[in-house]
Engineer: 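After the structure tokens below, expect a handful of questions from me.
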Amino acid sequence: MKVRFACPSCEAPQNIADPATPEWHCAACGQARSLTLPDLTTGKPIEHCVACGNNQLYRQKNFPQWLGVAILGVACASFFILQGLYRPRPAWVILIGSALFDGIMYLLVGDVIVCYRCQAKHYGLPRSKSYDPFELAIAEKYRQERLRRELALKK
């Protein structure tokens with residue numbers, strides 16, 4: 001398992017390839033923190049975030065969203081340009097081809113488990129449908145919590 005998260009003190013990006021020890025030290029600011037290590041030998045899904053210990057996690061595809069939107073944007077723009085040039089056959093080939101490519105990528109790309117609170121990403125876990133997909137209401141709760149904490153620090 002690999003975990004990627006931001007240091008809670010300095011927000012420097014942190015990568016832990018194999019969290020074997022429960023102690024972690026930030027290379028940028030030196031902050032020490034204890035990690036909550038899951039038992040991966042059972043094959044069961046993790047129940048809490050390794051970085052912060054939060055038990056609300058969600059599943060998403062391990063694929064950059066910007067790339068997916070860029071592919072969709074190029075396919076749609078190409079479709080409309082070719083339709084405007086009275087080339088319907090290549091226009092539909094591009095549009096349907098991009099949809100097929102998107103479907104194939106969806107099946108091939110694995111999942112990543114993300115923590116709502118600290119946005120830590122847990123890679124390399126076995127495929128499991130036991131995690132719920134992203135829920136906006138839960139994410140908004142943690143966003144509001146983060147804003148209140150930042151506001152309290154400014155005072």
Side-chain angles (χ1 to χ4, degrees), residues 1-80 94-95 98-155:
M1 176 175 71
K2 183 173 132 182
V3 182
R4 183 177 297 160
F5 62 98
C7 173
S9 175
C10 66
E11 296 191 11
Q14 304 294 317
N15 291 317
I16 299 175
D18 187 19
T21 61
E23 276 299 313
W24 162 81
H25 297 280
C26 178
C29 69
Q31 181 188 17
R33 185 176 199 167
S34 61
L35 302 174
T36 53
L37 300 177
D39 183 16
L40 297 175
T41 59
T42 61
K44 293 170 55 177
I46 62 172
E47 297 175 359
H48 55 272
C49 175
V50 170
C52 71
N54 186 25
N55 64 352
Q56 288 190 307
L57 307 168
Y58 66 92
R59 173 179 37 97
Q60 75 178 25
K61 284 296 182 181
N62 189 14
F63 190 76
Q65 286 183 333
W66 66 268
L67 183 57
V69 171
I71 291 170
L72 177 66
V74 168
C76 288
S78 301
F79 174 79
F80 285 119
I94 288 174
L95 195 63
S98 68
L100 288 173
F101 178 74
D102 183 52
I104 291 168
M105 290 302 295
Y106 183 82
L107 293 174
L108 294 178
V109 172
D111 291 338
V112 61
I113 307 304
V114 184
C115 174
Y116 279 106
R117 178 179 289 146
C118 68
Q119 299 300 308
K121 295 184 177 184
H122 304 77
Y123 299 92
L125 295 171
R127 284 192 176 205
S128 173
K129 299 293 181 191
S130 63
Y131 301 104
D132 293 329
F134 178 79
E135 283 192 37
L136 186 58
I138 298 172
E140 183 62 21
K141 177 180 89 169
Y142 285 106
R143 188 183 77 82
Q144 291 293 328
E145 176 186 298
R146 202 168 24 255
L147 290 173
R148 280 192 297 275
R149 194 172 37 245
E150 289 173 3
L151 188 62
L153 290 175
K154 288 181 181 178
K155 289 183 180 182

Engineer: CG of Asn55 to CD1 of Ile46: how many Å apart, nearest 0.5 Å?
Structural biologist: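 Reported to 0.5 Å precision, the distance equals 11.0 Å.
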Engineer: Does Leu72 reach the side chain of Ser98, with side-chain heavy atoms less than 4.5 Å apart?
Structural biologist: no
Engineer: Of all residues at least two apart in sequence or in a different chain, which pass the side-chain contact (heavy atoms from CB on, under 4.5 Å) check with Leu151?
Structural biologist: Lys155
Engineer: With sequence neighbours excluded, give me every salt bridge (Lys or Arg N to Asp or Glu O under 4.0 Å) pair touching residues 61-76.
Structural biologist: Lys61-Asp111
Engineer: Filter on side-chain hydrogen bond (donor to acceptor under 3.5 Å, both in side chains), then keep only pairs touching residues 131-144, sequence neighbours left out; what's left?
Structural biologist: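 Sorted pair list: Asn54-Tyr142, Gln56-Lys141, Gln56-Tyr142, Glu140-Arg143, Glu140-Gln144.
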Engineer: Count the heavy atoms of every other residue, nucleotide or ligand shown that sit under 6.0 Å from CZ of Phe101, and state whether that count exceeds 12.
Structural biologist: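 Result for CZ/Phe101: open.
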Engineer: Taking only residues two or more places apart in sequence or in another chain, which ones pass side-chain hydrogen bond (donor to acceptor under 3.5 Å, both in side chains) with Tyr106?
Structural biologist: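 Applying side-chain hydrogen bond (donor to acceptor under 3.5 Å, both in side chains) to Tyr106 gives none.
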Engineer: Output the distance between atom CG (Leu57) and atom NZ (Lys121), rounded to the nearest 0.5 Å.
Structural biologist: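 NZ of Lys121 is found 13.5 Å from CG of Leu57.
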Engineer: Using side-chain hydrogen bond (donor to acceptor under 3.5 Å, both in side chains) as the criterion, list what pairs up with Arg148, not counting sequence neighbours.
Structural biologist: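 With neighbours one apart ignored, the set is empty.
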Engineer: Among all residues two or more places apart in sequence or in another chain, which pass the ring pair (Phe, Tyr, Trp, His ring centres under 6.0 Å) test with Phe79?
Structural biologist: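 Partners of Phe79 under the ring pair (Phe, Tyr, Trp, His ring centres under 6.0 Å) test: Trp92.
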Engineer: For Ala120 and Phe5, work out which heavy atoms get closest and say how close.
Structural biologist: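 Looking at all heavy atoms of both residues, the shortest contact is CB-CB, 3.6 Å.
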Engineer: Supply the atom-to-atom distance Gln60 CD to Ile113 CD1, rounded to the nearest 0.5 angstrom.
Structural biologist: 9.0 Å
Engineer: With sequence neighbours excluded, what pairs up with Glu150 under the side-chain contact (heavy atoms from CB on, under 4.5 Å) test?
Structural biologist: Arg146, Leu147
Engineer: Output all residues satisfying side-chain contact (heavy atoms from CB on, under 4.5 Å) with Ala32, sequence neighbours left out; order by chain, then residue number.
Structural biologist: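 In terms of side-chain contact (heavy atoms from CB on, under 4.5 Å), with neighbours along the sequence ignored, Ala32 is linked to Glu23, His25.
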Engineer: Does Arg117 have any salt bridge (charged side-chain N to carboxylate O under 4.0 Å, His left out) partners at least two apart in sequence or in another chain, and if so, which?
Structural biologist: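 Residues passing salt bridge (charged side-chain N to carboxylate O under 4.0 Å, His left out) with Arg117: Glu145.
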Engineer: Please give me the minimum heavy-atom distance between Phe63 and Gly68, naming the atom from each residue.
Structural biologist: CE2-N, 3.7 Å
Engineer: side-chain contact (heavy atoms from CB on, under 4.5 Å) with Asn62: which residues, sequence neighbours excluded?
Structural biologist: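 Partners of Asn62 under the side-chain contact (heavy atoms from CB on, under 4.5 Å) test: Val109, Val112, Tyr123.
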Engineer: What is the minimum heavy-atom distance between Leu95 and Ala75, and which atoms define it?
Structural biologist: CD1-O, 4.4 Å
Engineer: For a 4.5 angstrom cut-off between non-hydrogen side-chain atoms, does Gln14 reach Cys26?
Structural biologist: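 Heavy-atom side-chain distance check passes, below 4.5 Å.
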Engineer: Restricting to pairs with a member in residues 45-58, which pass salt bridge (Lys or Arg N to Asp or Glu O under 4.0 Å), not counting sequence neighbours?
Structural biologist: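 Residue pairs with at least one partner in residues 45-58: there are none.
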Engineer: Rounded to the nearest 0.5 Å, what separates atom SG in Cys49 from atom NE2 in His122?
Structural biologist: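 With rounding to 0.5 Å, SG (Cys49) is 4.0 Å from NE2 (His122).
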